[in-house]
Protein chains: 2
Amino acid sequence: MTPQRASVKDVAAAAGVSVGTVSNVLNRPERVAARTRAKVEQAMEELNFHRNASARQLRAGVSRTVGAIVMDVGNPYYTELARGIEDRLAVDDHTLILCSSDDDPRREARFLRLLAEQGVRGVLVTPMSTTKDRLSALRRLGIPSVLMDSSSRDHASVGVDHVSGGRQAVAHLLAQGHRRILFLAGQEELQQTRHRLKGAVDAIQSAGLDPSEVLKVVTLPALTANDGQQGLIKALESGWGPTAVFCMNDIVALGAMRELRRSGLAVPSDMAVVGYDDLYLAAELMTPLTSVRQPMRQLGWAAADLLLTDTPHVLFEPELIVRASSDFLRR
Amino acid sequence: MTPQRASVKDVAAAAGVSVGTVSNVLNRPERVAARTRAKVEQAMEELNFHRNASARQLRAGVSRTVGAIVMDVGNPYYTELARGIEDRLAVDDHTLILCSSDDDPRREARFLRLLAEQGVRGVLVTPMSTTKDRLSALRRLGIPSVLMDSSSRDHASVGVDHVSGGRQAVAHLLAQGHRRILFLAGQEELQQTRHRLKGAVDAIQSAGLDPSEVLKVVTLPALTANDGQQGLIKALESGWGPTAVFCMNDIVALGAMRELRRSGLAVPSDMAVVGYDDLYLAAELMTPLTSVRQPMRQLGWAAADLLLTDTPHVLFEPELIVRASSDFLRR
DNA sequence: GTTCCGCCGTGAATCGATTCACGGAGTTGT
DNA sequence: ACAACTCCGTGAATCGATTCACGGCGGAAC
């Protein structure tokens with residue numbers, strides 16, 4: 001009945017050895033004679049010994065925890081990312097501190113301070129506009145950082161090739177015979193928007209067609225189902241008569257499909273729909289949704305790997321998952 | 001250009017005072033003359049000083065981080081919980097280490113070991129069957145724990161009143177005139193299943209009806225859309241002819257609605273549907289889904305509060321959000 | 001003028017794990 | 001038999017923040 005935590009000293013006393021030996025058992029077991037090691041291990045067992053991470057880290061000067069700051073933990077997309085990070089950290093017995101910036105610079109700043117105090121081994125961030133300055137402050141403290149879901153040449157980063165994602169989505173629609181494609185896009189400031197648009201244009205040009213005739217862009221105020229619905233309404237009213245819509249993400253696609261159903265248009269025969277992110281629910285909808293899947297878990301893994309082992313930058317390839325919402329054959 | 005972290009000693013040297021004084025500035029500023037304090041604060045600023053949490057915690061013996069282990073961070077339901085925890089911890093300047101057990105006892109055990117080594121101030125857990133033994137091991141180390149989403153008399157806990165949730169859902173369906181109600185339930189071992197069932201039975205009895213005639217339970221192997229769909233098929237084949245279905249969660253409801261649409265049944269005129277959890281997507285579906293909302297953020301806040309301040313147990317009241325899937329008027 | 005007190009500031013001791021220079025014991029080679 | 005090694009274990013020093021017993025100093029009280 002010891003409500004106290006046992007320390008190496010206690011273990012040493014119980015096993016009749018010195019603290020140095022206990023430490024050796026923990027860190028270089030091969031340097032300790034088998035008999036002694038057994039004694040020490042038994043003592044640790046009996047005392048329910050757990051090494052004190054603080055003391056360990058204080059001495060070592062280097063921590064076994066890593067911080068990650070993502071935009072919004074409520075978004076499954078980011079939790080999948082976190083999961084990849086965690087899996088990679090587990091390999092080297094590190095721990096993850098996961099923080100949600102909620103797009104709020106003050107929250108981000110607070111977390112960076114906390115992480116600095118924790119003396120984390122490094123920080124992984126999905127950057128917002130103001131992030132970079134703060135990261136250089138961390139660097140001055142000797143704490144490295146990696147940008148996630150963002151490509152940057154002057155910073156370690158892992159990203160997804162959104163040009164390729166946009167290209168795959170639109171190439172697929174073109175292959176299905178569509179010649180008037182609507183792009184329900186995010187704000188232009190978003191790197192993701194620009195890259196996907198570029199990919200879409202690429203695909204159209206590669207098919208020998210004129211982007212200005214084939215593609216029409218509607219910029220949404222926010223990436224919500226409602227704005228997706230409104231965006232589609234606006235596009236339909238314009239009289240251009242698109243036969244396919246490429247949505248900035250699956251939630252937007254959800255809103256678009258809602259409007260299609262409301263106005264009696266069938267998917268995909270009257271209008272094909274392609275989303276982005278391949279959220280869990282994409283496959284579960286009435287009409288399963290074609291979507292561009294981002295390898296978030298691998299992305300997280302790569303980010304953590306980059307931090308721990310200093311491997312080079314990584315750019316992942318997204319993958320188009322074709323389902324009934326854009327494919328006549330599967331209808 | 002100091003790639004090193006500054007310590008209290010460095011600050012003391014820069015400000016021309018002793019380390020004790022620097023520490024006093026940090027922890028009992030009122031004990032330090034204003035002039036001295038200003039000098040020290042300026043030195044801290046110049047050196048970009050951050051206190052070393054490890055050293056702090058080693059000395060203090062008590063940590064400013066809290067661990068939380070949830071079933072699945074991929075589930076928005078749990079991230080909302082995490083968010084409530086984090087908000088409460090922020091008030092007392094604590095940090096959260098969030099872990100996902102994935103229903104895997106080995107993962108849970110690993111995280112509990114890591115958290116014990118971190119010497120966390122406490123642990124918040126959404127328990128699985130094998131959890132309790134491990135928590136008592138923690139208690140022997142002096143680390144308190146709180147169960148979340150679970151009521152327990154021999155353990156600090158915060159929960160949601162699932163009896164009330166079940167009662168509200170079924171009372172609503174009864175009020176809409178339904179007299180044959182299907183319950184697509186989770187495994188019986190789940191406390192949640194038993195409580196909701198009890199609430200459903202309560203509601204029926206309160207209405208002066210016979211539960212054995214009004215309610216039929218189908219137990220699903222897993223709480224997925226597919227199993228929800230299969231469960232509904234099975235119930236329809238039985239010929240009982242329910243006019244309403246109460247689903248264990250929104251994902252199950254999604255599967256059920258998919259099957260209804262496939263077989264040409266209209267919601268809610270042929271069949272009313274009620275879900276549970278009120279996920280984000282509930283409101284965004286073709287037919288917006290009536291669902292029982294759990295105050296997850298408040299629950300998280302309460303759990304953290306209980307840990308930090310030792311307030312008494314808490315049981316939250318869920319709230320039925322009525323939408324078109326169960327309400328003729330809103331159709 | 002002596003005593004007492006409060007105000008400020010000091011610096012050594014402390015927390016627990018790790019490291020490393022050191023040395024005792026035993027083995028091998030010549 | 002003695003040097004040269006290896007093998008194994010020791011214990012003091014270290015990391016950085018905090019605490020606390022202590023003391024210097026100035027002012028107030030008698």
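In this text, all values refer to a predicted model and were calculated from it rather than measured experimentally. The figures that follow rest on heavy atoms only: side chains count, while hydrogens, waters and symmetry mates do not. Here is the naming used below: chain letters follow the sequence lines, and residue numbers restart at 1 for every chain.
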For [X] and [N], what is the distance between atoms [atom1] and [atom2] respectively, to the nearest whole Å?
| X | N | atom1 | atom2 | answer |
| --- | --- | --- | --- | --- |
| Lys9(B) | dG11(C) | NZ | C1' | 12 Å |
| Phe49(B) | dA17(D) | CZ | C1' | 8 Å |
| Leu47(A) | dG16(C) | CG | P | 14 Å |
| Asp10(A) | dC15(C) | CG | P | 11 Å |
| Arg31(A) | dT6(D) | CZ | C1' | 12 Å |
| Gln118(B) | dC15(C) | CD | P | 21 Å |
| Leu141(A) | dG16(D) | CG | C1' | 15 Å |
| Asn27(A) | dT19(C) | CG | C1' | 10 Å |

Counting just side-chain N and O atoms, does [X] come under 4.0 Å of either OP1 or OP2 of [N]?
| X | N | result |
| --- | --- | --- |
| Arg37(B) | dC8(C) | no |
| Ser23(B) | dT18(D) | yes |
| Arg56(B) | dC15(C) | no |
| Asn52(A) | dA17(C) | no |

For the side chain of Asp10(A) and the backbone of Ser7(A), is there at least one donor-acceptor N/O pair under 3.5 Å apart? yes
Between Leu58(B) and Gly20(B), just flag the one whose closest nucleotide in DNA chain C comes earlier from the 5' side. Gly20(B)
Walking DNA chain C from its 5' end, the first of Val32(B) and Val19(A) to be reached, judged by nearest nucleotide, is Val32(B)
Need to verify one output field. Residue with the more 5' nearest nucleotide on DNA chain D, Ser18(A) or Asn24(B)? Ser18(A)
Which is more 5' along DNA chain D, the nucleotide nearest Arg59(A) or the one nearest Ala34(A)? Just name the residue. Ala34(A)
Out of [options], whichever nucleotide has its closest atom nearest the side chain of [X]:
| X | options | value |
| --- | --- | --- |
| Ser7(A) | dT18(D), dG16(C), dC8(C) | dG16(C) |
| Ala33(A) | dT19(C), dA17(C), dG9(D) | dG9(D) |
| Thr21(A) | dT18(C), dG9(C), dT10(D) | dT10(D) |

Without hydrogens or angle criteria, can the side chains of [X] and [Y] be said to hold a donor-acceptor pair below 3.5 Å?
| X | Y | result |
| --- | --- | --- |
| Ser101(B) | Glu108(B) | no |
| His50(A) | Arg5(A) | no |
| Gln192(A) | Asp149(A) | yes |
| Asp277(A) | Gln294(A) | yes |

Is it true that Arg297(B) and Glu80(B) make a salt bridge, defined as a side-chain N closer than 4.0 Å to a carboxylate O? yes
Val17(A) near the nucleic acid: base, sugar-phosphate alone, or nothing, with a heavy-atom cut-off under 4.0 Å? sugar-phosphate
Classify Ala60(A) by what it touches in the nucleic acid, base, sugar-phosphate, or nothing, heavy-atom distance under 4.0 Å. nothing
